[in-house]
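Only one structure is covered here, and it is reproduced in the block below.
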Amino acid sequence: QVQLVESGGGSVQAGGSMTLSCAARGNTYRTLYWGWFRQVPGKKREGVAEISTGGGRIYYADSVKGRFTISQDNAKNTVSLQMNSLKPEDTAMYYCAALMGGGTWYGALVEQTYNHWGQGTQVTVSS
């Protein structure tokens, strides 16, 4: 069984920085894509950043371009999200996601691509 374990959430003031990390544990197999998604209560979950482990393709939501950076470590089977210049509207529950083994890439930042999800870590940005 695969578990994605997120860490690094918390509270920060607007303009600050925070790094989220996610590690795959258990009977893992080759990760093809890593993604970060976020959700605010009452709203649909949205894609934030995505990276392919093979070709290194990276995608960002327009709302975070230039502020967030996704990176991955194939050897450790981990992914990180460096978040700079945080804004109150970045407040959300952040979820790590992975496409492992095989499957279909449905396009940039599409939830249906992913077959494993973390439990989420809360990020709160105060003004």
Side-chain angles (χ1 to χ4, degrees):
Q1 191 172 354
V2 175
Q3 260 192 318
L4 299 185
V5 180
E6 297 119 332
S7 60
S11 298
V12 67
Q13 286 197 322
S17 298
M18 185 180 290
T19 300
L20 304 181
S21 298
C22 176
R25 299 279 184 256
N27 296 325
T28 62
Y29 30 104
R30 184 172 174 237
T31 303
L32 303 175
Y33 281 87
W34 288 103
W36 286 98
F37 291 76
R38 65 186 182 187
Q39 188 169 26
V40 174
K43 291 192 176 181
K44 189 180 173 184
R45 188 158 55 186
E46 63 169 350
V48 174
E50 178 177 274
I51 184 168
S52 68
T53 61
R57 288 178 292 178
I58 294 177
Y59 303 93
Y60 294 103
D62 287 343
S63 59
V64 306
K65 276 180 186 174
R67 300 188 298 121
F68 289 13
T69 302
I70 188 171
S71 60
Q72 50 96 12
D73 186 326
N74 281 335
K76 296 181 179 178
N77 214 4
T78 60
V79 65
S80 295
L81 185 68
Q82 173 68 40
M83 305 183 294
N84 298 326
S85 302
L86 282 161
K87 304 175 181 179
E89 51 264 43
D90 294 318
T91 295
M93 184 71 77
Y94 282 71
Y95 296 91
C96 167
L99 171 61
M100 289 185 176
T104 300
W105 184 67
Y106 287 93
L109 304 174
V110 176
E111 281 191 52
Q112 286 80 2
T113 293
Y114 295 92
N115 53 12
H116 296 283
W117 291 84
Q119 292 298 307
T121 185
Q122 178 67 37
V123 172
T124 302
V125 183
S126 57
S127 56

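FYI, the numbering just counts along the sequence from 1. Remember, it's a predicted structure, so these values are computed and weren't measured experimentally.
Within the 4.5 Å cutoff, the side chain of Asn77 has heavy atoms near those of the Met100 side chain. Residues Phe68 and Leu86 form a side-chain contact, since some pair of their non-hydrogen atoms from C-beta on lies under 4.5 Å apart. In this structure, Val2 and Tyr29 have side chains that are in contact, with non-hydrogen atoms separated by less than 4.5 Å. Annotation: side chain of Asp90 is not in contact with side chain of Met18 (no heavy-atom distance under 4.5 Å). Taking the side chain as every heavy atom from C-beta outward, Tyr60 and Arg67 never approach each other to under 4.5 Å.
Here the OG1 atom belonging to Thr31 is positioned 8.0 Å from the CG atom belonging to Leu4, to the nearest 0.5 angstrom. To the nearest 0.5 Å, atom CG of residue Asn27 and atom CD of residue Gln1 are 8.5 Å apart. Rounding to the nearest 0.5 Å places CG of Leu32 at 4.5 Å from CG of Leu99. Distance check: Ser52 OG to Gln72 CD gives 8.0 Å after rounding to the nearest 0.5 Å.
Across every non-hydrogen atom of Asp73 and Lys76, the tightest pair is OD1-N, 3.1 Å. Smallest separation of non-hydrogen atoms from Pro88 and Ala14: CD-CB, 4.1 Å. Annotation for Ile51 and Ile70: closest pair CG2-CD1, 3.7 Å, computed over non-hydrogen atoms. Closest heavy-atom contact between Gln13 and Val125: C-CG1, 4.0 Å.
Atom CD of Gln39 sits in a crowded spot, with more than 12 heavy atoms from other residues, nucleotides or ligands closer than 6.0 Å. A 6.0 Å sphere centred on CD of Glu46 holds more than 12 heavy atoms belonging to other residues, nucleotides or ligands.
At least one donor-acceptor pair under 3.5 Å links the side chain of Glu6 to the backbone N or O of Cys96. Panel note: side chain Thr113, backbone Tyr106; a donor-acceptor pair is recorded below 3.5 Å.
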Check: Between Glu50 and Tyr114, is a side chain to side chain donor-acceptor pair (under 3.5 Å) present by the stated rule, with each step listed?
Finding: CA-CA 11 Å; Glu50 178 177 274; Tyr114 295 92; 2.6 Å; yes

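Salt bridge annotation for Lys65-Asp62: present, with a cationic side-chain nitrogen under 4.0 angstrom from a carboxylate oxygen.
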